[in-house]
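Residue numbers start from 1 in every chain, and the chains themselves are labelled A, B, ... in the order their sequence lines are given, proteins ahead of strands.
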Number of protein chains: 2
Amino acid sequence: MSPAPLDVPAVAGRPCSVAAALEIIGDRWSLLIVREVLFGNHRFGEIARNTGAPRDRLAARLKELVAAGVLEQREYQASPPRSDYHLTKAGRDLGTVLQVLREWGDRWAVESPPVSVRHHDHELKIGGVCSVCGEPVRARDLTREMHVPDWDMAGPRAAD
Amino acid sequence: MSPAPLDVPAVAGRPCSVAAALEIIGDRWSLLIVREVLFGNHRFGEIARNTGAPRDRLAARLKELVAAGVLEQREYQASPPRSDYHLTKAGRDLGTVLQVLREWGDRWAVESPPVSVRHHDHELKIGGVCSVCGEPVRARDLTREMHVPDWDMAGPRAAD
DNA sequence: TTCCACAGTTTGATATGCAAACCTAGACGG
DNA sequence: CCGTCTAGGTTTGCATATCAAACTGTGGAA
């Protein structure tokens, strides 16, 4: 798969993959939709019920996620035409995003975790460790750099 | 810090830490605000310029993030009253969320990464590995479970 | 005494979000 | 044959949120 097959809308503010990602999946319902599909709920009605999204918004969002390459729409019967939704590779990759959001929510937004994700015999945990070197990530070991001429970490460089 | 010091709004749909987290930081600007503060840009004007958020929305969001316990507002001069914004522990923990979103965006939403985050001598990468056992996370090694009586992975159990 | 910096607030037009009702096409039951 | 149910959306009418731009208030610098 090519580097960036997804739609890349222009973003205001700092050029940043986080902002670009949020342009695609940063609205109120997208990640909940992906969560449900990841849970095995592929049909419009299931997704509507389990996310709580209004049906019109859901229909609109599903179209956009399909257009963006996160979901794939499959016709599971021809007449009357009925389709369900499946994750693409890009959609499956959002599992990581959902997991760290879950970890943050478990810690900070909820009394006790309503959903658990188990990996082999233990609770899955993704955050906190660099998967390249295996060491815990501490803020002081990190450095950040911008690779765009007009911006540095403080903001836009040239006079706009 | 106690288990859930943050405001916990009631959510429609499946009870889920992801949804709870998104209730707090799931709007259009919150994560970009946190990104900027994490980058060391603490002032209202800097955040407004670097995120592209309208000033009124930004002011409203900052208030909500302070109320939710993600940011802390500090007066850095008394007259005229001027404050800036700093991350709480909960806010700092969002660094992981930003990082996996960046990794997803680098891969799927952007031609080439505009921002790089380096950990010691290599590019930071968080996704893909379970930090408990160190093994790569594959979908088939995961099982999910709901701990709420009225819901299972398919949806609500009782007749609502 | 005039301009600028800075953190917001106000304003008025526009876009978006929502719940509920509706549509279409077939399947199922009597 | 007739009514009802399932299912994936679409339409409608209204309420709310969002936006860009202008404005406010306070102090410091020229």
Any ion pair linking A:R157 and A:D150 (charged N to carboxylate O, less than 4.0 Å)?
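A:R157 and A:D150: not salt-bridged.
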Any salt bridge linking B:E72 with B:R74? Criterion: basic side-chain nitrogen under 4.0 Å from a carboxylate oxygen.
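Salt bridge: yes.
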With a 4.0 Å limit, can you tell me whether B:S79 has a side-chain N or O closer than that to the phosphate oxygens OP1/OP2 of D:dG27?
yes
May I ask you to evaluate whether A:W29 reaches the phosphate of C:dT16, defined as a side-chain N or O under 4.0 Å from OP1 or OP2?
no
[X] side chain, from C-beta outward: closest of [options]:
{"X": "A:R28", "options": "C:dG17, C:dT9, D:dT12", "answer": "C:dG17"}
{"X": "B:P54", "options": "D:dA7, D:dG27, D:dC19", "answer": "D:dC19"}
{"X": "A:R57", "options": "C:dC18, D:dA22, D:dC19", "answer": "C:dC18"}
{"X": "A:R43", "options": "D:dA20, C:dG26, D:dG8", "answer": "D:dG8"}
{"X": "B:D56", "options": "C:dC6, C:dT10, C:dC18", "answer": "C:dT10"}

Got a donor-acceptor pair under 3.5 Å from the side chain of A:R82 to the base of D:dA7?
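By the distance-only test, yes, there is a pair.
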Whole angstroms only, please: what is the [atom1]-[atom2] distance between [X] and [N]?
{"X": "A:R49", "N": "D:dG9", "atom1": "CZ", "atom2": "C1'", "value": "16 Å"}
{"X": "A:L71", "N": "D:dG8", "atom1": "CG", "atom2": "C1'", "value": "16 Å"}
{"X": "A:H42", "N": "D:dG8", "atom1": "NE2", "atom2": "P", "value": "13 Å"}
{"X": "B:K63", "N": "C:dG8", "atom1": "NZ", "atom2": "P", "value": "8 Å"}
{"X": "B:F44", "N": "D:dT26", "atom1": "CZ", "atom2": "P", "value": "18 Å"}
{"X": "A:Y76", "N": "D:dA7", "atom1": "OH", "atom2": "P", "value": "7 Å"}
{"X": "B:R55", "N": "C:dT10", "atom1": "CZ", "atom2": "C1'", "value": "13 Å"}
{"X": "A:Q77", "N": "C:dA27", "atom1": "CD", "atom2": "P", "value": "8 Å"}

Of B:R43, B:H42, B:Q73, B:E75, the residue whose pairing with B:S83 passes side-chain hydrogen bond (donor to acceptor under 3.5 Å, both in side chains):
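When side-chain hydrogen bond (donor to acceptor under 3.5 Å, both in side chains) is applied between B:S83 and each of B:R43, B:H42, B:Q73, B:E75, only B:Q73 qualifies.
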Any chance you could measure B:H122, atom NE2, to B:L124, atom CG, to the nearest 0.5 Å?
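Taking NE2 in B:H122 and CG in B:L124, the distance rounds to 7.0 Å.
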For a quick test of reading the model, state the closest non-hydrogen atom pair linking B:A68 to B:I24 and the distance between them.
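Closest pair (atom of B:A68, atom of B:I24, distance): CB-CG2, 3.9 Å.
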When all nucleic acid strands are considered with a 4.0 Å heavy-atom cut-off, which category describes A:Q73: base, sugar-phosphate, or nothing?
sugar-phosphate
Closest-nucleotide ordering on DNA chain C, the 5'-leading residue of B:S83 and B:P80:
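Upstream on the strand: B:P80.
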